[in-house]
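Below are the structure tokens for one structure; questions will follow.
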There are 2 protein chains.
Amino acid sequence: MPGLVHVVDDDASFRTAIERRLKLSGYDVATYASAQELLDRLPDDSKPGCILLDVRIPGLSGPELQSRLIELGSTVPIVFLTGHADTPTTVRAIKAGAEDFLTKPVSSEQLIDAIERALARQEASRHHRRKLESLRALVATLTPREHQVFDLIVRGKINKQIGHELGTTERTIKAHRHQVMEKMQVRSLAELVSIAERLGLLDADKA
Amino acid sequence: MPGLVHVVDDDASFRTAIERRLKLSGYDVATYASAQELLDRLPDDSKPGCILLDVRIPGLSGPELQSRLIELGSTVPIVFLTGHADTPTTVRAIKAGAEDFLTKPVSSEQLIDAIERALARQEASRHHRRKLESLRALVATLTPREHQVFDLIVRGKINKQIGHELGTTERTIKAHRHQVMEKMQVRSLAELVSIAERLGLLDADKA
DNA sequence: AGTTATTTCAGACCATTGTCCCAGTGGTCA
DNA sequence: TGACCACTGGGACAATGGTCTGAAATAACT
């Protein structure tokens, strides 16, 4: 599956030139004349892709677009490509998670390298997020009561304590516990705790 | 406790000027004329401190020193301060974890800001590493056999399976298990699994 | 009005773990 | 040799968790 590169630049001739170069290297390309244009047809996180972004563009600037995307929860990696790079902007962009910060003119090698890294990172983070997402989906199937029981189980409470804490009997907790194990598709307490840990549900009192 | 700033620069007059400015702001300062000099009397990770590092210095360059320190396992945050910053170097330094990348001349405000961020990050990461270190210390008290049992317990195996897998009886595993819980200072399986997860001991088969 | 989901609870029974007590073997080290 | 530790195992018992079958009340939605 070829990567999709979203090129954002206000210079039409530059866009077509880059588009040609990237397509020759086997990438799919979508071009945008402004940050707003990209926001309007927002790239889908679920497909492998990255953004090739100019810093100085009319309207929303490159870094401003980066901030907006982060706020929106997007994880599409960004490669900045600009004519003039000042150090503070570069530092901020990279610290905000940009994959690279290139200056025009850029060699094809540099460009392809950066895009490949961006796509690889996107791929890795997608896999990771998918796993977490599937776990969260399982947790979402729990009823409120089951969720309470789940929380207390993974904190090491025993059924008796949980029953007392929730104002019910040990027998009932046993039933809930069975449901929790069933819905979370685990067969051991260890797996359940492991899931809770990876979802950050145990950080509250372990801090 | 005042932060200790390690200033590495080959320009003696610059070192004394910076030292004066930093001491006026309440920091302790140690100066080094070269990267090698800093490596020779290596800053102690255990004290709050950061490195103010010039990029172009005779011998080992700033980024080269950064690499060496990372290889050595140091986590002292680095603030680069250089006369001339080119974009690739800036990008590499930040991606390698540098706290900031400033250009001379630098305003006191910028400088202090960067140092404060570096010290704050050092402090946070120190807390985190200390917690992990204390957990690892507990694990280290386990005998080889106990460690094996520990691994299998947190993977959800039951005593019977563990006994079979290790070629011994369930009764013996019970004894080991008791020792493990004792030494790890936990009273529930949940806590044990949580510790294993945080130490990354469960990633092998959960990938 | 009927259906469904949620939460509640029971008895009986087995499996698993935890906790006392105890003890032998083999290795290391002063 | 004597002390210590790791590893091994046993008996007896209590505590806890898991499974099976069954049931009832409440709320929400169709």
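In the text below, chain A, chain B and the rest are named by the order of the sequence lines, each starting its count at 1. Only heavy atoms go into these numbers, but all of them, side chains included; no hydrogens, no water, no symmetry mates.
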| message | Rounding to an integer number of Å, can you tell me how far A:Arg171 CZ sits from D:dT21 P? | response |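 Roughly 13 Å, once rounded to whole Å.
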| Nearest-0.5 Å distance, CZ of residue B:Arg68 to CG of residue B:Leu65 |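 B:Arg68 CZ to B:Leu65 CG: 8.5 Å, rounded to 0.5 Å.
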| Under 4.0 angstrom, heavy atoms only, what part of the nucleic acid is B:Lys174 near: base, sugar-phosphate, or nothing? |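 Result for B:Lys174 = base.
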| request: Would you mind reading off the distance between B:Met181 atom CE and C:dT17 atom P, rounded to a whole angstrom? | output: 11 Å
| Between B:Arg187 (CZ) and C:dT17 (C1'), how many Å, whole number? |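 The distance from CZ of B:Arg187 to C1' of C:dT17 comes to 16 Å, rounded to the nearest Å.
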| Does B:Glu19 come within less than 4.0 Å of B:Lys23, counting only side-chain N to carboxylate O? |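 B:Lys23 and B:Glu19: salt-bridged.
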| request: Hey, which sits more toward the 5' end of DNA chain C by its nearest nucleotide, A:Lys183 or A:Ala175? | output: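 Final value for this comparison: A:Lys183.
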| task | Using only side-chain N and O atoms of B:Asn159, determine if any of them is under 4.0 Å from OP1 or OP2 of C:dT17. | result |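 So the side-chain polar atoms of B:Asn159 do come within 4.0 Å of the phosphate oxygens OP1 or OP2 of C:dT17, strictly under.
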| message | Output the rounded distance in Å from CD (B:Gln161) to C1' (C:dA15). | response |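 So the CD-C1' distance, B:Gln161 to C:dA15, works out to 13 Å.
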| field | Integer-rounded Å distance: D:dC5 P and B:His147 NE2 | value |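 Whole-Å distance recorded here is 21 Å.
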| message | On DNA chain D, does the nearest nucleotide to B:Gln179 precede the nearest nucleotide to A:Lys157 from the 5' side, or the other way round? Give the residue. | response | B:Gln179
| query | In whole angstrom, what separates A:Arg145's CZ from C:dT8's C1'? | reply | 9 Å
| query | Which part of the nucleic acid, if any, lies within reach of B:Thr169 when heavy atoms closer than 4.0 Å are counted: base, sugar-phosphate only, or nothing? | reply | sugar-phosphate
| Would you find a donor on one side and an acceptor on the other, under 3.5 Å apart, between the side chain of A:Asp54 and the backbone of A:Ile57? |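 Checking the backbone N and O of A:Ile57 against the side chain of A:Asp54, no donor-acceptor pair under 3.5 Å is found.
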| request: Please state how far atom CG in B:Leu189 lies from atom P in C:dG18, giving the value in whole angstrom units. | output: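 Going from B:Leu189 (CG) to C:dG18 (P), I get 8 Å.
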| Are any of the side-chain nitrogens in B:Arg130 or B:Glu133 under 4.0 Å away from the carboxylate oxygens of its partner? | no
| message | Closer than 4.0 angstrom, basic N to acidic O: yes or no for A:Glu37 and A:Arg41? | response |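 Looking at A:Glu37 and A:Arg41, the cut-off is met.
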| field | Integer-rounded Å distance: C:dT6 C1' and A:Phe150 CZ | value |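 So the two atoms are 19 Å apart, to the nearest Å.
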| N/O (side chain, B:Lys160) to phosphate O (OP1/OP2, C:dA15) under 4.0 Å | no
| Nucleotide nearest A:Thr143 when distance is taken to its side chain, options D:dC7, C:dT6, D:dT8 |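 Ranking D:dC7, C:dT6, D:dT8 by closest atom to the A:Thr143 side chain puts C:dT6 first.
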| message | So B:His178, base contact, sugar-phosphate only, or nothing? Heavy-atom distance under 4.0 Å. | response | sugar-phosphate
